[in-house]
2 protein chains.
Amino acid sequence: MQRPRPAPSARVTIKAVAAQAGVSAMTVSNVFNNTGKFSRDTRDRVLAAIDALGYVPNSAARRLVGATPTRVGLLYAGVDSMFIDATLAAAAVASAERGLQLMARKVASPQDALDTARALQRAGADALLVLPPFDLALSGSAQFLALNMAAAAIATAAPLPDMFTVRIDNRAASRAITELLIAKGRRRIAIISGPQDHSDSVERLRGCRDALEAHGMPLMADLVIDGRFTFASGLEAAERLLGLDAPPDAIVAANDDMAAAALWAAHRRGLSLPRDLAVTGFDDTLLATRVWPALTTVRQPIGQMTARALDLLLLALQRGSGGAHPVDSLETYELVERAST
Amino acid sequence: MQRPRPAPSARVTIKAVAAQAGVSAMTVSNVFNNTGKFSRDTRDRVLAAIDALGYVPNSAARRLVGATPTRVGLLYAGVDSMFIDATLAAAAVASAERGLQLMARKVASPQDALDTARALQRAGADALLVLPPFDLALSGSAQFLALNMAAAAIATAAPLPDMFTVRIDNRAASRAITELLIAKGRRRIAIISGPQDHSDSVERLRGCRDALEAHGMPLMADLVIDGRFTFASGLEAAERLLGLDAPPDAIVAANDDMAAAALWAAHRRGLSLPRDLAVTGFDDTLLATRVWPALTTVRQPIGQMTARALDLLLLALQRGSGGAHPVDSLETYELVERAST
DNA sequence: GTTGCTGGGTTTATCGTTAAACCTCAAGCG
DNA sequence: CGCTTGAGGTTTAACGATAAACCCAGCAAC
């Protein structure tokens, strides 16, 4: 693996292109960035030269002069969940596609969110991508506002005044999936909800309640347990539910991991699925199609949402941080019916 | 009433630190990079200034002068598998920790690997991280060598002459897990192997054979099926195996996704697990503990391996590394026994 | 025929950092 | 005593792209 300094020919600079096209470097820059300061004729020659040499601008140099921002910080919770893994993977891919540098930071607790954001800014992040529950931890705080950073939150419950939001209608989705269970004749429906400091969890719970009440089946307190979006917490909750004197005939879990746990608890007791128990998940991560029986769940388009969040951030940074009200992007979810119901 | 921050706080540059410490910018640089060209006394003053101002070097400027390499390309196959997702997520985190920019590129087929590598180089990647099967696609080719890029392959079968390798002993691990099944009294052991153009797959199959032959139970051709590391391919294979006149009493799958598929096929037939059928996976992804029954599997420390690969690349780039033979880093695997056996 | 403007460029200065060359002073040495 | 040596700096010159200032030919207007 002998690796002498890369051959000088390795990197094509703007000067090389300029020489090839017989113009100044500045003109090449103008053409490349399409500022309009050039004639048709020169443009063609420059483009030809760019093409011939395979010129790719050096982003470090661009960044140095303060042109394009390129670093996006990502705040995530260090929880073992499919959603987090999938989002991290999606963010890595989407960032790469856009030539951004992703700075992913695990945040231990909501209290640390602000410090982490600050550290990211000091380390050169231009914008922030925020996963639950840190949207709530940051939004509205004066200190966060003082950072003066563009931020986008994925999978939140509602629009926020100080950051972009990219989300699905959690309440409607949750309602829809509960309705589906009711339509299938389930009458004793239990819920393993997410932590109530996640705004999306709250919405999901609300959606379930909507559906149940609409059918005259009020939610019973002993049939609702708060999980923490982890498999372990889901298992604990499911064990408690199935151990009741009058166990439920369906469980609505607030994410796939906890739904998988519910399947576990049912398998352990030798229940036949979905005859004795129907289970639904949320997110449609890879997990949903790997467990048995495959989970009926709500598809949340994670890749698309991540990409959208990045695009919004880029746009905001390009226009300069001034003024515009943050966009709320509502993506479409999809109810996916599988064997678990 | 707090008013908005006056300015997007001007970043602290090396000059500010220099002024504060009463030395030249170069001296600050020297102290920061610990080159040794300074006295105890100045060092203390400079460090104090750095601390007081909260100086963080501007990586764009650093990069511009060619000091630190900061972009790592990642070649991955666009296959739905837990291993890929987990590796992407791990790479995103490990890159962020090291201040590197990750450029992840999906590669459609081994033939495209070289083109993608070339594109990455043109886009400014300093080094390459390679996932199977692209290690084999690149290694040994003269064109790849001509790129003159440092590369590290994760999860390969053996050391390679022209890139770093970070791996576990797949053969031994596979042998161990097969031995475990034999020890549990399984006598008709089937194998769902990975694609044979993945070097690690080959090793895993070999390990199984080792174990079986060591116990006088030669591998039967109809009990070995090549999967493609996907759940779908695993399901197909498992269906065929369980449909045999003399079905196996154990299935060794070459990854967790295919093992999960084997569980599916068994559940479908109403088999009792692990009584009627034992199943083992490979990788110990999150999946292994989410399916029911939980998978006995080989733990491959993905996060650690990814981090190690990046460290090796950084080291190589820093030394400019003339002539050094590429390192082969053998990580320790762990046999994890769970309910599926 | 000066003045003013405008399309299509070029030149210059600059971003923050570091490699390399250069400076200075004191100590060591034959 | 003159010469080298080296520790501990400083100065200079990049790195590549771009913003801002500048230049200039031609054309229109008064």
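To find a chain, count down the sequence lines: A is the first, B the second, and so on, and within it residues start at 1.
When rounded to the nearest whole Å, the span between CZ of B:R40 and C1' of D:dA7 equals 15 Å. Atom CZ in B:F38 sits roughly 9 Å away from atom P in D:dG8 (whole-Å rounding). The interatomic distance linking B:K15 (NZ) with C:dT17 (P) rounds to 9 Å, in whole Å. Regarding A:R45, its CZ atom lies at a distance of 11 Å from the C1' atom of C:dG9, rounded to whole Å.
Considering only side-chain N and O atoms, B:S39 lies nowhere under 4.0 angstrom from the phosphate OP1 or OP2 of D:dA7. One finds a side-chain N or O of B:S29 lying less than 4.0 angstrom from the OP1 or OP2 phosphate oxygen of C:dT18. Between A:R62 and D:dT18 there is a side-chain N or O to OP1 or OP2 distance below 4.0 Å. Put simply, A:N58 has no side-chain N or O that comes within less than 4.0 Å of OP1 or OP2 on D:dC15. For the OP1/OP2 pair of D:dT10 and a distance below 4.0 Å, the side-chain nitrogens and oxygens of B:T27 include at least one atom meeting the criterion.
The closest side-chain donor-acceptor pair between A:E331 and A:S329 falls under 3.5 angstrom.
Using a cut-off of 4.0 Å between Lys/Arg side-chain N and Asp/Glu carboxylate O, A:K106 and A:D112 are scored as not salt-bridged.
In this structure, B:N30 and B:L64 both approach DNA chain D, and ranking their closest nucleotides by distance from the 5' end singles out B:N30.
Within the 4.0 angstrom heavy-atom criterion, only backbone atoms of the sugar-phosphate kind lie near A:T13; the bases stay farther away. Residue-level contact check: B:Y55 touches the backbone only, with heavy atoms under 4.0 Å from sugar-phosphate atoms and none from bases.
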